[in-house]
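Indexing begins at 1, ligand by ligand and atom by atom, following the structure's order. Just so we're clear, the structure is a prediction, and the values are computed from it rather than from any experiment. Counting begins at 1 with the first residue of the sequence.
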Amino acid sequence: MGIRTIEWKNNRIRMIDQTLLPGEFKYIDIKNIKVLWQAIKELKVRGAPALGASACLGVYLGIKDSKAKDYAQFYKELKSVVNYLASSRPTARNLFWGLERMLCVSDKAKHLSVEKIKKTLFQEANKVIEEDRASCRRIGAYGASLVKKNERILTICNTGILATIDYGTALGVIYKSHEQGKNIKVFACETRPLLQGARLTTWELKRSGIDVTLICDSMAASLMKSGSVDKVIVGADRIALNGDTANKIGTYSLAVLAKYHKIPFYAAAPFSTFDLDIKTGMDILIEERSHEEVSSLFFKNQVTAKGIKFWNPAFDVTPNNLITAIITDRGIIKPLYKLNIEKYADK
Ligand code: MRU
């Protein structure tokens, strides 16, 4: 712990540049929304909850110098900032949840002066940050109640401090279990093509003193067959009303493998990741990214012949019937998902 992925500091957004890790730990200052948009696109900041916080701080960054004379003019500027940030990455629900929340707060404050509305938006962005810190800790506590002593947990991508403000979702469960002295061991999938598991998860867990072993994504089946995995716990980018869960590409394969090997498979996410307007995972828009991510090793060494074709979806959807339970900040949701998600949504 002890670090913050993203925050408001010195009148700008300060974030850890995750593309430099683990080689270099560096904060960068974001002074305008064009730079923020690029930072999101290039995954300098990434992970669904961290994108939610980026969206909220980004809205404030985009309107803080507005000279609008009335609400109509201010709203026009606000909407254009929101639409711009919404075009950065399509899959993580939290980004859109954050933008919608800021719009809603502005609307409720429209009777106030423009300066006061700006102040309200600033307070809201900081509230979202504090809520994320608390919600990850609740996910951690609920999830840790499922983890027994000495268990070996397989995970993918990065769902920890770096994907949130300062704790994590799936890794929040791991941090909490570790704090409870459960002597857990973690297997981290490298997470091709951009290696969030290899670069970020192992870095995070090692600095927290948690036993972590890196595997290539293709090793998961053999690892499970060898009897070395007790649980799979992953994060989520968007969860549909029926529990279908979009997460980093490769998650679906882990879920299929877990089912075959009779290993419980959990997704962990705050309620801000649920999209109750989407009935099933079929309706989740999956981001496709540039072929350079696949044709090279983290943009450095070209590993393919020139002129070949690529397919590079950043996420996949795990169908609800492969998910043992969803660990949320409101409790652990079990099947029947639609019924139970609706119940928890009202809590
Ligand atoms: O492309 P990324 O690195 O933003 O993808 C992130 C993931 O898929 C995470 O597993 C997910 O956002 C959960 S983060 C707590």
Here the atoms of ligand 1 under 4.0 Å from any heavy atom belonging to K248 are 1 (O), 2 (P), 5 (O), 8 (O)

Starting from atom 10 (O) of ligand 1, find the nearest protein heavy-atom neighbour and note its residue, name and distance. N247 OD1, 2.9 Å

Subset of ligand 1 atoms that lie under 4.0 Å from at least one heavy atom of R89: 1 (O), 2 (P), 4 (O)

Should V173 and I161 be counted in the same cluster of Ile, Leu, Val, Met, Phe, Trp and Tyr side chains packed under 4.5 Å apart? yes

Please say whether the positively charged group of R330, taken as NZ for Lys or CZ for Arg, lies over the ring of Y344, i.e. under 6.0 angstrom from the six-membered ring centre and within 45 degrees of the axis. no

Does a donor on one side chain and an acceptor on the other come within less than 3.5 Å for E204 and Y175? yes

Is it the case that atom OH in Y266 sees more than 12 heavy atoms from other parts of the structure closer than 6.0 Å? yes

Would you say R46 and N158 make side-chain contact, with heavy atoms under 4.5 Å? yes

What is the closest protein heavy atom to atom 15 (C) of ligand 1, and at what distance does it sit? T169 OG1, 3.0 Å

Which of the ligand 1 atoms, numbered from 1, are nearer than 4.0 Å to a heavy atom of P49: 14 (S), 15 (C)

Is any side-chain heavy atom of I3 closer than 4.5 Å to a side-chain heavy atom of Y27? yes

Contact partition for T159 relative to ligand 1, non-hydrogen atoms under 4.0 Å: both

Taking 4.0 angstrom as the limit and counting only heavy atoms of C157, give me the atoms of ligand 1 inside it, by number and element. 3 (O), 5 (O), 6 (C), 7 (C), 8 (O), 9 (C), 10 (O)

Any idea which protein heavy atom is nearest atom 3 (O) of ligand 1, and the distance to it? R46 NE, 2.5 Å

Mind running ring-ring contact (aromatic ring centres under 6.0 Å, His included) on F274 and W97 for me, showing each step along the way? CA-CA 9 Å; F274 285 74; W97 166 88; over 10 Å; no

Pair T245, N247: side-chain N/O donor-acceptor within cut-off below 3.5 Å: no

Nitrogen or oxygen atoms of Q196 and ligand 1 under 3.5 Å apart: yes

Is A314 close enough to touch ligand 1? Criterion: a residue heavy atom under 4.0 Å from a ligand atom. no

Please write down residue, atom name and distance for the protein heavy atom closest to atom 8 (O) of ligand 1. D237 OD1, 2.7 Å

Inspect the surroundings of OH in Y260 and state if more than 12 heavy atoms from other residues, nucleotides or ligands are less than 6.0 Å away. no

Which ligand 1 atoms does A163 reach within 4.0 Å, using its non-hydrogen atoms? 14 (S), 15 (C)

Those atoms of ligand 1 less than 4.0 Å from some heavy atom in A48: 12 (O), 14 (S)

Between G47 and ligand 1, does any nitrogen or oxygen pair lie at a separation below 3.5 Å? yes

